[in-house]
Amino acid sequence: MDTVLPRTGRPESARAATISLVVPCYNEDDAFPYFRAAVGDLHAVLAARYAVELVLVDDGSRDGTWGQIQRFAADCPWVRGVALSRNFGHQAALTCGLQFATGDAVVSLDADLQDPPAVVAEMVAAWQAGADVVYAVRRSRAGESRFKRWTAALFYRVARQLGADDLRADAGDFRLMSRASLDALLSMPEKHRFIRGMVGWIGFRTAEIHYDRRARVAGTTKYPLHKMLRLAADAIVSCSTVPLRFPYYFAVSLSACCMGYMLSLVVQHYVNGEEFVRGWTSLMVAIITFGCLTLCCLGILGEYIGRIYEQVKDRPLYLVRDTVGPPPAAESTGR
Ligand code: UDP
Ligand code: MG
């Protein structure tokens, strides 16, 4: 049996540690049979040393995903399924799975096998060596379009510039967390969750393993452009208040330009003897520039105020419609 430090959440007693695997699934009918086979192989490897539980969260799928989860749970006592009442989005579904997981170490991964389950054994070894958070960092990204790779690189660059220093680039939501670090994460009550940013913020002892990200095994991405943009906005707004200072920057730089322009008018009038009444174009340019910047600043404020509003409403992050498999240790409230 593994006897390790209590601070990490690993058990001190003789009982086998439990590894939880948490997988959000949304319309994964095509990929699920492959996932089931791969996770079965992983279970066979891990079960020699650990108790294993698999928490599958159906994020309001409209295909046969929930049926497949129900069959999997009926066949295997280590599988638990949670069906949400509608599609709440990947980050909410993942949070739900993390709240339901009871393990001493909890690994989150995707259902499309882009995160190869075989890598989990390496992550568990890093946890056993003392890490609380084990990031799986992408060495290569097969099956991702050039556009997606480029926007991902740009996103991490911008987020870092805006102060999200804790964000580990090229690490998605494929990671292992010890019980202690997971409890710290779950104590954060944000409604608009950018989990990888939050995990960076909590600290703890971290380790990295590197892997080659594969192409999706079947089906299509469930992250279309508008969801990606939403996530990027959540990420930046949740990690940084720097955008709130943009109006000051605009105001200072534009005021400097205006002062220069006014000065040039005065010089032209008194030195060159030109009339003050000048063209329509410069006036329009000034009005349009200021109008656009004012709207832009209002938009930035709106992003923050909208999130404050959502937070104050304090609605649950998700609602559970149904569960299968072993009952959870404690009822999860979605908060
Ligand atoms: N997913 C989810 N809810 C959503 C979108 C995605 O639970 O609203 C799940 C999806 O089933 C998969 C994981 O989140 O297991 C990552 O989604 P996907 O593979 O489509 O994203 P990509 O890898 O293309 O960024
Ligand atoms: Mg994927």
Side-chain angles (χ1 to χ4, degrees), residues 20-39 42 54-69 72 79-101 106-117 119-120 136-138 140-156 169-175 191-196 211-235 317-322 334:
S20 300
L21 307 169
V22 171
V23 187
C25 308
Y26 178 52
N27 292 342
E28 295 290 3
D29 219 3
D30 297 335
F32 201 86
Y34 301 98
F35 171 78
R36 181 172 169 164
V39 87
L42 173 65
L54 173 63
V55 181
L56 296 164
V57 181
D58 175 31
D59 186 16
S61 299
R62 276 170 302 225
D63 61 3
T65 303
W66 179 238
Q68 297 210 50
I69 292 175
F72 198 3
V79 177
R80 170 180 302 161
V82 183
L84 303 188
S85 62
R86 64 169 173 84
N87 179 240
F88 283 90
H90 175 231
Q91 301 289 292
L94 181 54
T95 304
C96 169
L98 295 174
Q99 285 179 336
F100 271 84
V106 178
V107 182
S108 49
L109 65 163
D110 291 350
D112 58 3
L113 295 187
Q114 283 200 276
D115 307 331
V119 175
V120 172
V137 178
R138 297 162 190 183
S140 63
R141 294 157 166 255
E144 280 183 12
S145 65
R146 193 183 283 248
F147 176 73
K148 191 152 187 170
R149 284 202 292 261
W150 183 79
T151 46
L154 180 72
F155 164 73
Y156 282 109
D170 290 323
D173 284 311
F174 186 23
R175 79 179 81 75
K191 301 289 172 201
H192 288 264
R193 298 174 85 77
F194 178 61
I195 296 177
R196 60 196 89 151
Y211 77 106
D212 296 304
R213 187 160 161 91
R214 296 189 199 143
R216 179 176 252 284
V217 67
T220 52
T221 179
K222 308 303 176 296
Y223 254 105
L225 186 63
H226 71 272
K227 279 194 183 177
M228 264 169 61
L229 291 175
R230 215 55 252 149
L231 185 68
D234 279 344
L317 268 178
Y318 57 82
L319 294 168
V320 174
R321 176 176 58 80
D322 197 4

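If you're wondering where the values come from, they're calculated on a predicted model, not measured in any experiment. First listed ligand is number 1; within each ligand, the first listed atom is number 1. Residues: numbered from 1 along the sequence shown.
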Between D173 and R175, is the closest basic N to carboxylate O distance under 4.0 Å? yes

Query - Residue pair C96 / V82, side-chain heavy-atom distance below 4.5 Å - result: yes

Within a reach of under 6.0 Å around OH of Y211, are more than 12 heavy atoms found that belong to other residues, nucleotides or ligands? yes

At a 4.0 angstrom heavy-atom cut-off, ligand 1 is contacted by P24, C25, Y26, E28, D59, N87, G89, H90, D110, A111, D112, Q114, K148, R213, R216, T221, K222, Y223, K227

Rounded to the nearest 0.5 angstrom, the CD-CZ distance for Q114 and F174 is 11.5 Å

Between the OG1 atom in T95 and the CG atom in L317, the distance rounded to the nearest 0.5 Å is 5.5 Å

With ring centroids as reference points, do H90 and Y223 lie under 6.0 angstrom apart? yes

Residues pairing under salt bridge (Lys or Arg N to Asp or Glu O under 4.0 Å) where one sits in residues 27-39, two or more places apart or in two chains, turn out to be E28-R216, E28-K222, R36-D75

Handout entry: Ion pair D234/R193, N-O distance below 4.0 Å
Key = no

Contacts of S108 meeting side-chain hydrogen bond (donor to acceptor under 3.5 Å, both in side chains) (sequence neighbours excluded), chain-then-number -> none

Listed as residue and atom, the protein N/O/S atoms under 2.8 Å from the Mg ion (ligand 2) are D112 OD2, Q114 OE1

